[in-house]
Student: 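Structure provided below as C-alpha cells; questions to follow.
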There are 2 protein chains.
Amino acid sequence: MQALAFEVLTPDEGVEPAMQARLCRLLARSAGHAGMAGGQAIDLASVGKPLAEEVLRDMHRRKTGALLQASVQMGAACGNVDDRAWRALSEFGAIIGLAFQVVDDILDVTQASDVLGKTAGKDQEQNKPTYVQLMGLEPARQYARHLHRQAHEVLEASGLTDTAALSMLADKVIDRQN
Amino acid sequence: MQALAFEVLTPDEGVEPAMQARLCRLLARSAGHAGMAGGQAIDLASVGKPLAEEVLRDMHRRKTGALLQASVQMGAACGNVDDRAWRALSEFGAIIGLAFQVVDDILDVTQASDVLGKTAGKDQEQNKPTYVQLMGLEPARQYARHLHRQAHEVLEASGLTDTAALSMLADKVIDRQN
C-alpha cells in the first residue's frame, strides 16, 4: 500500500516531474522515521509507561499529525500557493493532526464501542498514555476546542480566499462522534 | 525503511527533480503490487500448493527480480544511458534476479545452516515450491549456469564499454555459497 502511494504520485505523464518529486518528498518524510513510523515506534515503546505531555505531543505530531499535515501540504503544493499560505496551511495541518488525536482520546472514554466502530476503553485497558489520562477529560475537551479555534484562525490568516473545504475538515475532525 | 528509501531519493538539492521523480517511479513500481509485495503475496498464498513453473517464475520475477532489476535500472537512469543499453541493462537485472532465486533454492538443499547463515532445508520443510523441487537439483544447477551465460551475453550486447562491475555482480550472484 505504501509503495502504491508513491506509484500514484509518479505517473508516466500528466504531472510535472518536479511536482512529482516534491510530492514524493513530502510523503516520504511524513511517513518515515521523522513521521508516522517514528511516532508508531514511540507509541509501541511507551505502552505502560508514563509519558510527559511534551513526549506525548511529539509522538502524536509524528504518528497522526505528520501525514495529516503532509496531506494538506500536498494540496498546497499542487495549488502553487505563496509562502504565507504555505506556512499557514502547514500549521493548519499540524493543528488538525493534533486535534484529531485529542478527540480520539476523548472518544475512547466517552463513546460506546458500537458508535466508535472499535473497542472503547482500549487505551486505558492497555495503559496507553492519552491526553485524557494526562489532562483529565474536561481539560482535554477544552484543549480540543482551543485547537479548533486555532485551526480557523490560521486559515483566516492564510490570505487564501476559498478555505471552505479546509474549514469543514477542521469542523469534522473536532465534531466527529466516531 | 521503505519511506526512508524514497526520502533518500528526494533530497532538497543535488539531484535534478526530474531524475528524482524517475527514480521514485522505478522504486515504487518494483516494490509494490506489481513487484516485491505482489510476489510475496503469491508466495504466502502458495505454501503447501504445487505451482507451475510459469507461476513460480512470475512470483520470483516480482519478489526478488523486480527490486534487483530496479536497482540496475536506477543506476542506468543516473547514467543517462541510451535506449539500447537501457533495454540490455533491464534484461540483465531481470536475469540476475531470477538467477539469484534459482541459486537460493539450490543452496537451501546443498548447504549446511552454518554456511548458509539461515536454516537450511527450510523451503522443503515448509513445502514451498522451489526450482529444485520443480526441476530437480542438477537441472536447476544447469539452469543457473545458463542464466549466468545469458547475463554476460546481454551485458556484451549493451554497447556499454565498462561493464566490469555488473559482470562481477552476475558472477557473485551465481557463485555465492551463502
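Heavy atoms only: backbone and side chains are in, while hydrogens, waters and symmetry mates are out. We name chains A, B, ... by the order of the sequence lines, and we start the count at 1 in each one.
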Student: Look at A/Q2, A/R25, A/H33 and state which one has the largest set of heavy-atom pairs under 4.5 Å with chain B.
Tutor: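 Sorted descending by pairs with chain B, the first entry is A/R25.
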
Student: Heavy-atom count check: over 12 atoms from other residues, nucleotides or ligands less than 6.0 Å from A/E138 CD?
Tutor: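 Atom CD in A/E138 is packed in, count exceeds 12.
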
Student: Could you state whether B/Y131 and B/V55 fall into the same hydrophobic cluster, counting links through intermediate Ile, Leu, Val, Met, Phe, Trp or Tyr residues with side-chain heavy atoms under 4.5 angstrom apart?
Tutor: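 They do share one cluster, since a chain of ILVMFWY contacts under 4.5 Å joins B/Y131 to B/V55.
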
Student: Who passes side-chain contact (heavy atoms from CB on, under 4.5 Å) against B/M36, sequence neighbours left out?
Tutor: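 B/A31, B/L67.
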
Student: Where along residues 3-24 of chain A does a heavy atom come under 4.5 Å of chain B, listed by residue number?
Tutor: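 If one takes a 4.5 Å heavy-atom cut-off, the residues of residues 3-24 of chain A near chain B are A/A3, A/L4, A/F6, A/E7, A/T10, A/P11, A/D12, A/P17, A/A18, A/Q20, A/A21, A/C24.
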
Student: Which residues, numbered in order, of residues 158-170 of chain B come under 4.5 angstrom of chain A by heavy-atom distance?
Tutor: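 Within residues 158-170 of chain B, no residue comes under 4.5 Å of chain A, counting heavy atoms only.
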
Student: If two hydrophobic side chains count as joined below 4.5 Å and joins carry through other members, does B/L137 share a cluster with B/Y143?
Tutor: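 Per the 4.5 Å side-chain linkage, B/L137 and B/Y143 are co-clustered.
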
Student: Suppose a student defines contact as a heavy atom less than 4.5 Å from any heavy atom of chain B. Which residues in residues 84-105 of chain A would they list?
Tutor: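 Checking residues 84-105 of chain A against chain B gives no residue, so none.
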
Student: If you count heavy-atom pairs under 4.5 Å with chain A, which of B/A37, B/G32, B/A28 comes out on top?
Tutor: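 The option with the most such pairs is B/A28.
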
